[in-house]
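In the text below, chain A, chain B and the rest are named by the order of the sequence lines, each starting its count at 1. Everything quoted here is computed from the prediction, not taken from an experiment.
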Protein chains: 2
Amino acid sequence: MSPRPQRTPSQLIVPEVMNAALQLLSESGPEGFTVRAIARKANVAPMAIYNHFDGKNGLLDAIWTEGFTILQRELAPIGGDPEDELLRSGIAYRKFALEHKSHYTVMFMNRFVGFTPSIAAAYVATRAFQELVKHIERCQSVGMFPDIASDNLAQMLWAACHGYISLEILDINFARDRDETFLQFLSGVQRGFDALRVEPR
Amino acid sequence: MSPRPQRTPSQLIVPEVMNAALQLLSESGPEGFTVRAIARKANVAPMAIYNHFDGKNGLLDAIWTEGFTILQRELAPIGGDPEDELLRSGIAYRKFALEHKSHYTVMFMNRFVGFTPSIAAAYVATRAFQELVKHIERCQSVGMFPDIASDNLAQMLWAACHGYISLEILDINFARDRDETFLQFLSGVQRGFDALRVEPR
DNA sequence: CAAAGTATAGAACAATGTTCTATACTTTGT
DNA sequence: ACAAAGTATAGAACATTGTTCTATACTTTG
């Protein structure tokens, strides 16, 4: 019955704790996310989380950083048509959120009272945000979105997407076809900010 | 030095606890929101929060309900031009959020692990949401937003506004003129969903 | 194979939400 | 005015939380 007769090798502790934490998060949400529960699930002593992650907030910081690293990779432009790629980045953002709900919860849902990301973690987040700015600047180079600062617009588009997706994560979305509705949302918002080009008044 | 030599009269307990809770929330956020701290600030025994509010979650439920009651009143259409009023309802929504940050935090920021609104509280929230649906249906009656379900669009517009404002509440908004930028945001989003009417393709 | 390193169990601490008790005060009905 | 009912209070108490500390036993390293 004893799950691990010997103690966990050092190298396994970090990945096993990360796995356990993410799994626990997706099973029971922030409520179940306790140091003792994570340690139990990882077959590890609670102390391990302090020795390897600097406590609960350190573990959250690690999840945050991992999440933004993945997100940045998913968002990076690949050199095609700017307008298409901007739309695809929106779809990729939502895909990331739904496929990495645990990460997204730590990164964007603000459910962990007492947690604020470290300077290093905030930097990684900024780099991910810059990918979105790049998309917009590529669009502007072909005439879209005139007369608006790219970082300003990036913030607006991100805010809109985040608002939509956070409700989806919380299960407060009652659309029939969620994928379709999100596409409609995305192109609606995008069209709104580009309308100035089509018919300036 | 004794702040209240006698015990608090029954009728004062509910309002004083509510005041203390909201004040504490705006001073120290969800971290400082503890039963003992609220009771201390209200000059009241901790037990009062259980006798009058059914505990911490009951108190949150009361704040939620009060917030949505106010919000509904602020959002209700008053019978003018539908398009103008829709825009004004967006401005009113943001005004409510910024002027009632404590309420908004409880209602929309999901910062309280272990709190889910009661059935009654959820009902009050639904009624507030319906005001937005009304706005959209008024717009549709004059030709705006064709071919889209009003509740669906209401959800999208609300999601977008909430996304924007939640970032503002968390102080992750770096626009120069915040009021102006929000207006730009609002009209951009609105224009996007109405574009079908102007030039269908 | 000895020395350094480290994972572990377990106790311990303060703070939290919550419940319970007895006491002292208010309100209410007559 | 006064007795009876109601209730606000202080304080102890409990389980759970994040966190720290200790001694022990195991691994890794030179």
Whole-Å distance separating the CD1 atom of B:Ile38 from the P atom of C:dT16: 11 Å
Test: A:Glu85 and A:Arg138 ion pair at under 4.0 Å: yes
Nearest-Å distance for atom pair CD1/P, residues B:Ile13 and D:dG6: 17 Å
Paired stretches of DNA chain D - 3 or more consecutive Watson-Crick or G-U pairs, each distance under 3.5 Å: C:1-30 with D:1-30
Nucleotide D:dG18, atom P - distance to CZ of A:Phe53 in whole Å: 15 Å
Nucleotide of C:dG17, D:dA8, D:dT19 approaching B:Tyr50 most closely (side-chain heavy atoms): C:dG17
A:Arg191 to B:Phe193 - nearest heavy-atom pair and separation: NH2-CA, 4.4 Å
Sidechain-backbone polar pair: B:Gln130 side chain, B:Gln72 backbone, donor-acceptor under 3.5 Å: no
Value rounded to 0.5 Å, distance of CG in A:Leu60 from OG1 in A:Thr65: 10.5 Å
Neighbours of DNA chain C within residues 20-36 of chain B, by heavy-atom distance under 4.0 Å: B:Phe33, B:Thr34, B:Val35, B:Arg36
Shortest non-hydrogen separation from B:Leu24 to B:Phe33 and the atoms involved: CD2-CA, 4.5 Å
Least distance between heavy atoms, B:Gly114 atom then B:Asn57 atom: O-ND2, 3.0 Å
Integer-rounded Å distance: C:dA15 P and B:Lys56 NZ: 16 Å
Residue-phosphate contact under 4.0 Å: B:His52 side-chain N/O, D:dA8 OP1/OP2: yes
Contact summary for B:Trp64 and B:Ala121, nearest pair of heavy atoms: NE1-O, 2.9 Å
Distance in angstrom units between B:Phe112 CZ and C:dG17 C1', rounded: 15 Å
Between P of D:dT16 and CZ of A:Arg40, the distance in whole Å: 10 Å
Under 4.0 Å protein heavy-atom contacts per nucleotide of nucleotides 20-30 of chain C, with B for base, S for backbone only and - for none: B---BBS----
Ring centroid separation B:Phe68 to B:Phe108 under 6.0 Å: yes
Inter-residue atom distance B:Ile63.CD1 - B:Phe53.CZ, 0.5 Å rounding: 8.0 Å
